[in-house]
Number of protein chains: 4
Amino acid sequence: MVKQPDPARRSERSRQAILAAARELVSEVGYAKLTIEAIAARAGVGKQTIYRWWPSKGAVVLDAFLALSEAGPEGSMALPDTGDVAADLKAVMRATVAEFADPAFEGPIRALNAEIINDPALAAQYREKLAGPVDEAKKERLRSAQRAGQLAADADLDLALELLYAPLYQRWLLRTGPLTPDYADALAEAFLRAMRPAR
Amino acid sequence: MVKQPDPARRSERSRQAILAAARELVSEVGYAKLTIEAIAARAGVGKQTIYRWWPSKGAVVLDAFLALSEAGPEGSMALPDTGDVAADLKAVMRATVAEFADPAFEGPIRALNAEIINDPALAAQYREKLAGPVDEAKKERLRSAQRAGQLAADADLDLALELLYAPLYQRWLLRTGPLTPDYADALAEAFLRAMRPAR
Amino acid sequence: MVKQPDPARRSERSRQAILAAARELVSEVGYAKLTIEAIAARAGVGKQTIYRWWPSKGAVVLDAFLALSEAGPEGSMALPDTGDVAADLKAVMRATVAEFADPAFEGPIRALNAEIINDPALAAQYREKLAGPVDEAKKERLRSAQRAGQLAADADLDLALELLYAPLYQRWLLRTGPLTPDYADALAEAFLRAMRPAR
Amino acid sequence: MVKQPDPARRSERSRQAILAAARELVSEVGYAKLTIEAIAARAGVGKQTIYRWWPSKGAVVLDAFLALSEAGPEGSMALPDTGDVAADLKAVMRATVAEFADPAFEGPIRALNAEIINDPALAAQYREKLAGPVDEAKKERLRSAQRAGQLAADADLDLALELLYAPLYQRWLLRTGPLTPDYADALAEAFLRAMRPAR
DNA sequence: CTGTAACCGAGACGGTACGTCCGGTCTTCAT
DNA sequence: ATGAAGACCGGACGTACCGTCTCGGTTACAG
């Protein structure tokens, strides 16, 4: 039986230093050139302290970003709900397009996604901790539209979300095309046509 | 000025051995644990011979798979066209679902996608050589449907393709949900609702 | 001022466990691969308990062997004295040769000697606790021979002891030659020639 | 089968840099604190280049000193031979005492001896390359004395050498007593008594 | 009889070095 | 004069221990 470390004795100071160092270094050198050794050195921490608590580089970086979002206000997740689904969705999609253009956001998220592709465990964590809450907020907005009779009441919301976001996400991730506000609008419109309630 | 190698003198025997070794090793140990050193050893080739002709590990692997598909018959790319768009699309989507479940296919494609995320040059090559022809065949089927009045004549086919495939692709790549024949059908139906011609 | 531990509160149980573990581990893995950590684990003791009471790995091992010899009967130290110096010395030298061939003896003593070479403090302890009493017994036998007129009365006993033992010891320690009963005899004879009383 | 490096392609420049660095560092920090990493850094060499050609730290240091003595003039090995054995031996022993007092000599030789105790392979190399030639020179002087009728013609020269040097060597190595010119003289005299030709 | 001060087992911590792997460059030799 | 073979420098890997440092718990002496 393998000896497991005791979380009760974990040094919070070290944990914070490591996550901060990871965040800084990802920004400075990029994910691919990030090394455990550099994180440890920057954090003023022994390498073993990283290996003790994280299984991989990806896990550290994921945690580093999780820590950021957990620090943020909880209520900030809710999407706009003016009653006009079309307008609300277009606004959200345009905001997403803008967000994806931010270089500070781009690097780490790309890196994390690349890692996730080959690491199911990391993927699960990512879904649960980062994607999950956001998706739930989005679904909530769609449910509101369903109640308002603007979307089909029997729509599969998982598929709906994919229909709405996957094209945008894929275009960004694989750089298969330009991300413009017009594209955001067109996507929202196609989505609404697909999900319109039956007459 | 940097000395460029002369492609005319390139050893075809070495090129084939390297691509074959790359393909084998990706299957055996996965892309992440693949090393230039191992490819060279397996191919019975000096490392320099790899570095001389390819800029990165990703480029070798990409070439390895390109070589495979180029070997295949050119005409095999066309999609079924029975006149029934709904049936044809469902068949294609179900086939795609099945293909994604094949472990021999899964590993290398995942790896390539992971690499592409962080390497724009590789991404461009991938689009041009692998994704491009396939996408063109798909668009051709959609144009046929447009001519038959089954899809909106003014639809943006790039967006259409994304609407149809991105949800499936993303679900597979990021493992955000199960890939089933029912899912394939639902996706095709949602796509058709979104792209139906206006009355 | 540094806090000194209070010997009165020392756990005898821990002390014994540590010494026993040290002895076992030296036999099992050799001195060079012996670690404080392993001793602590084997003894079921915290590392600090070792560091509290011993300054170095060498000190622990030395103590471990001191504890052994202290446990032995005190009187057993005396050398045979039949009145025939030549016979007595040859017997003792042959016994020493045999002892040096015992693998259980060989490992730890080699290790201790290697350590002693680079650690004067350890050397002093070794001389005082282990070598000293033995040397004294040997000198006692030589004095007896002096009284019997078999050795020069004015001989320097320190040098005498070295003349008798150092060749044997060095041959063993540095493996510069075979240790045989004949060699033991030849050494004893040379010694007697060198130390014979003047006429 | 393990791949062996090809000595023909070995970099002489690297070899020299490594041996020089080893020599310098042994002097500066002592053998115990000497690390492969530091040698590599000082020599401007990859660690692998050391591991490729030497099996252990001890082997590097031994080679470093071998390289020194090989550089020296070959004939310089002969011992003084004035015809007066007693005087010659005392001179040599006193010189040895002086040599052992030199700190630049002391550190590395102590270290090498400590290592040799636990490493038979190293011991064999040491005997062959360093001790051997010196011992041969000493034996030559003794043979000369035998021819002059000053030593027993049938004396075992290996034992003779040990009788003469081992006491001195042991006293120095294990620090069991002071090394003085008087001690050197006494040792030479005892040796001559033991080895005097029978009348 | 009870604090309270020490030792104790346990093990996390900042570090150093290990020995290995591989990246990318440079050199040698055979074809 | 290319290409295989592979040595080279460099640097990160993940592991093993170092010696120090808490952390509760458990004695055992002092008030």
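In what follows, every heavy atom counts, from backbone to side chain, and hydrogens, waters and symmetry copies are set aside. Below, read A as the first sequence line, B as the second, and so on, with proteins coming before strands; counting in each chain starts at 1.
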Practice task
Tell whether Gln48(B) reaches the base of dC26(E) with its side chain through a donor-acceptor pair below 3.5 angstrom.
Solution key: yes
Practice task
Answer with yes or no whether Lys47(C) presents, from its side chain, a donor or acceptor under 3.5 Å of a partner atom in the base of dG19(F).
Solution key: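 Between dG19(F) and Lys47(C), which were checked side chain against base, a qualifying N/O pair under 3.5 Å is present.
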Using modelled atom types only, decide if a donor and an acceptor are shared between the side chain of [X] and the backbone of [Y] within a distance under 3.5 Å.
| X | Y | answer |
| --- | --- | --- |
| Lys57(D) | Thr35(D) | no |
| Arg23(B) | Ala64(B) | yes |
| Asn113(A) | Ile109(A) | yes |

Using whole Å, what does the distance between atom [atom2] of nucleotide [N] and atom [atom1] of [X] come to?
| X | N | atom1 | atom2 | value |
| --- | --- | --- | --- | --- |
| Asp6(A) | dG25(F) | CG | P | 12 Å |
| Trp53(D) | dT20(E) | CH2 | P | 16 Å |
| Arg15(C) | dC8(E) | CZ | P | 12 Å |
| Gln16(B) | dG3(F) | CD | P | 15 Å |
| Arg42(A) | dG15(E) | CZ | P | 15 Å |
| Ile50(D) | dA17(E) | CD1 | P | 14 Å |
| Ile18(D) | dG10(F) | CD1 | C1' | 14 Å |

Fill in the blank from the handout: Contacts of Gly44(D) and Leu34(C) projected onto DNA chain F by closest heavy atom; the upstream (5') one is Gly44(D)
Problem - Upstream residue (5' side of DNA chain F) when Lys33(C) and Glu37(D) are each assigned their closest nucleotide - result: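 Whichever sits nearer the 5' end wins; that is Glu37(D).
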Counting just side-chain N and O atoms, does [X] come under 4.0 Å of either OP1 or OP2 of [N]?
| X | N | result |
| --- | --- | --- |
| Trp54(B) | dG24(E) | no |
| Ser14(D) | dA7(F) | no |
| Thr35(B) | dC21(E) | no |

Practice task
Identify, between Lys57(D) and Ala8(D), the residue whose nearest nucleotide on DNA chain E lies closer to the 5' end.
Solution key: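 Looking at DNA chain E, the more 5' nearest nucleotide goes with Lys57(D).
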Exercise for the section: Could you check Ile36(D) against Glu12(A) and say which one's nearest nucleotide on DNA chain E is further toward the 5' end? Expected result: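 Checking each residue's closest nucleotide, the 5'-ward one belongs to Glu12(A).
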Practice task
For Arg52(D), answer base if it contacts any base atom (sugar-phosphate contacts may also be present), sugar-phosphate if it contacts only those atoms, and nothing otherwise; contact means non-hydrogen atoms under 4.0 Å.
Solution key: base
Tell me which nucleotide among [options] gets nearest to the side chain of [X].
| X | options | answer |
| --- | --- | --- |
| Thr49(C) | dG23(E), dC8(E), dG19(F) | dC8(E) |
| Ser11(A) | dC9(F), dC13(E), dA28(F) | dC13(E) |
| Arg9(C) | dA28(F), dC13(F), dG11(E) | dA28(F) |
| Tyr51(C) | dG19(F), dA12(E), dC9(F) | dG19(F) |

Handout entry: Beyond-backbone contact of Arg175(B) with Tyr126(A), side-chain heavy atoms, under 4.5 angstrom
Key =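 Result no, sub-4.5 Å side-chain heavy-atom pair not found.
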Handout entry: Ion pair Glu28(B)/Arg42(B), N-O distance below 4.0 Å
Key = yes
Problem - Cation over ring face, Arg9(D) and Trp53(D), 6.0 Å, 45° - result: no
